[in-house]
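This report refers to the structure that appears directly beneath it.
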Amino acid sequence: MHLRKAKLMFFWVRYPSSAVLKMYFPDIKFNKNNTAQLVKWFSNFREFYYIQMEKYARQAVSEGVKNAEDIHVSADSEIYRVLNLHYNRNNHIEVWRPQVPPNFRFVVEQTLREFFKAIQSGKDTEQSWKKSIYKIISRLDDPVPEYFKSPNFLEQLE
């Protein structure tokens with residue numbers, strides 16, 4: 001249940017602080033181990049996310065896209081569906097209704113464009129080429145809805 005909740009939170013926040021995690025998981029008595037586990041989950045979520053971004057950005061480069069601004073992500077985009085399937089497998093949140101933050105589509109689009117620009121300009125040959133992208137994306141987090149604080153939040157979504 002906590003893993004599902006954390007995955008759904010990823011639609012709003014990719015880089016939650018431990019204070020944010022403690023606020024949205026009030027039923028957990030936090031200690032060093034379970035705090036580390038939650039932080040690790042989000043690290044894994046980001047890893048999957050960024051792997052997908054790199055894959056689709058490389059695909060755009062190979063397809064001959066010339067400008068990052070030509071890359072658009074809609075709710076019907078393959079990348080958007082892949083991400084939804086991963087983070088929202090049980091469809092607790094309806095992607096096509098306003099429950100997924102509209103900003104998530106924007107974040108995906110921006111991330112994809114940043115990866116595209118880096119790959120297109122050859123920065124992907126540098127050792128730490130993704131770090132600058134991570135910094136940009138970390139600033140795009142949104143506030144998590146209050147209903148995530150509720151112990152029975154999944155029932156409120158259905």
Side-chain angles (χ1 to χ4, degrees), residues 1-25 32-96 98-145 148 157:
M1 170 111 146
H2 290 123
L3 178 60
R4 274 190 289 179
K5 183 178 188 176
K7 279 186 168 187
L8 293 174
M9 284 177 65
F10 192 81
F11 283 115
W12 286 269
V13 61
R14 268 76 45 208
Y15 291 88
S17 66
S18 57
V20 166
L21 293 174
K22 289 174 183 176
M23 199 174 2
Y24 287 95
F25 291 90
K32 192 168 76 173
N33 292 333
N34 57 22
T35 301
Q37 179 63 56
L38 270 170
V39 168
K40 179 70 174 163
W41 283 351
F42 277 88
S43 176
N44 291 340
F45 302 161
R46 286 189 303 273
E47 182 179 4
F48 176 83
Y49 178 79
Y50 288 128
I51 287 170
Q52 296 306 308
M53 293 299 139
E54 183 176 352
K55 173 185 165 185
Y56 283 90
R58 289 191 186 283
Q59 182 179 326
V61 168
S62 72
E63 290 173 356
V65 174
K66 298 291 182 217
N67 299 309
E69 293 73 34
D70 294 336
I71 296 174
H72 300 285
V73 175
S74 70
D76 294 329
S77 299
E78 181 182 351
I79 191 167
Y80 199 81
R81 281 184 271 162
V82 166
L83 295 171
N84 181 56
L85 181 62
H86 186 74
Y87 300 112
N88 189 21
R89 186 172 305 278
N90 297 328
N91 283 318
H92 287 292
I93 295 180
E94 292 291 328
V95 175
W96 321 124
Q99 288 180 324
V100 165
N103 197 40
F104 184 68
R105 187 204 54 79
F106 172 78
V107 171
V108 172
E109 188 172 272
Q110 291 308 115
T111 309
L112 194 52
R113 287 176 177 180
E114 291 298 326
F115 268 84
F116 174 85
K117 288 187 286 190
I119 292 165
Q120 187 184 46
S121 66
K123 288 183 181 172
D124 60 328
T125 60
E126 299 169 15
Q127 188 174 10
S128 299
W129 69 280
K130 296 177 185 176
K131 284 188 178 183
S132 62
I133 298 171
Y134 299 163
K135 286 180 183 173
I136 293 167
I137 303 312
S138 69
R139 291 184 228 130
L140 300 177
D141 281 357
D142 287 309
V144 179
F148 271 80
L157 295 177

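All residue numbers refer to positions in the sequence shown, counting from 1. From a predicted model like this one, the values you see are computed outputs, not experimental measurements.
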Discussion item. I want to know whether Y56 and F116 have ring centres closer than 6.0 Å.
Written reply: no
Item to complete: Validate the cation-pi geometry between R46 and Y15: distance from NZ or CZ to the six-membered ring centre under 6.0 Å, angle to the ring axis within 45°.
Response: yes
Item to complete: Check the pair Q52, V108 against side-chain contact (heavy atoms from CB on, under 4.5 Å), reporting the backbone distance first and the verdict last.
Response: CA-CA 10 Å; Q52 296 306 308; V108 172; over 6 Å; no
Fill in: Modelled atom types, side-chain donor and acceptor of Y80 and S74, under 3.5 Å
no
Worksheet item: With a 4.5 Å heavy-atom cut-off, do R4 and N88 have their side chains touching?
Response: no
Worksheet item: So, the side chain of R105 versus the backbone of A75: is there a donor-acceptor pair under 3.5 Å, distance only?
Response: no
Item to complete: Only counting residues at least two apart or in another chain, list the ones meeting side chain to side chain contact (heavy atoms under 4.5 Å, CB included) with H2.
Response: F25, D27, I28, W41
Practice prompt. State the CG-CG distance between N33 and L38, to the nearest 0.5 angstrom.
Written response: 12.0 Å
Worksheet item: How many angstroms lie between atom NZ of K66 and atom CG of D70, to the nearest 0.5 angstrom?
Response: 10.5 Å
Discussion item. To check you understand the geometry: which heavy-atom pair defines the closest contact between N103 and L140, and what is its length?
Written reply: ND2-O, 3.4 Å
Fill in: Gap between atom NZ of K135 and atom OG of S132 - 0.5 Å precision
8.0 Å
Worksheet item: How many angstroms lie between atom CD1 of I119 and atom OG1 of T125, to the nearest 0.5 angstrom?
Response: 11.0 Å
Discussion item. Please list all pairs meeting salt bridge (Lys or Arg N to Asp or Glu O under 4.0 Å) that have one or both residues in residues 51-60, counting only residues at least two apart or in different chains.
Written reply: E54-R58, E54-K130, R58-D124
Worksheet item: Quick one: does L83's side chain get under 4.5 Å of M53's, heavy atoms only?
Response: yes
Practice prompt. Taking the side chain as every heavy atom from C-beta outward, state whether Y49 and V82 have any pair of such atoms under 4.5 Å apart.
Written response: no
Worksheet item: Do D141 side-chain atoms and R14 backbone N/O form a donor-acceptor pair below 3.5 Å?
Response: yes
Worksheet item: Going through the checks in order, is the side-chain contact (heavy atoms from CB on, under 4.5 Å) test met by N84 and F11?
Response: CA-CA 9 Å; N84 181 56; F11 283 115; 3.6 Å; yes
Worksheet item: Would V13 and D142 satisfy side-chain contact (heavy atoms from CB on, under 4.5 Å), going step by step from the backbone distance to the final call?
Response: CA-CA 6 Å; V13 61; D142 287 309; over 6 Å; no
Worksheet entry | Residues in salt bridge (Lys or Arg N to Asp or Glu O under 4.0 Å) contact with E114, at least two apart in sequence or another chain | K117
Discussion item. Using 30° and 60° as the class boundaries, would you call the ring planes of H86 and F48 parallel, tilted or perpendicular?
Written reply: parallel
Discussion item. How close do V144 and Y24 get, counting heavy atoms only, and between which atoms?
Written reply: O-OH, 2.8 Å
Fill in: Considering all heavy atoms, the nearest E69-R113 contact
O-NH2, 3.3 Å
Response to the item:
Value for CG (L112) from NE2 (H72), rounded to nearest 0.5 Å, stands at 11.0 Å
Fill in: Shortest non-hydrogen separation from F42 to L21 and the atoms involved
CE1-CD2, 3.6 Å
Fill in: Student check: side-chain heavy atoms of F106 and V73 closer than 4.5 Å
no
Response to the item:
Heavy atoms of A57 and F115 approach each other most closely as CB-CB, 3.6 Å
Item to complete: Any chance you could measure F104, atom CZ, to W12, atom CH2, to the nearest 0.5 Å?
Response: 10.0 Å
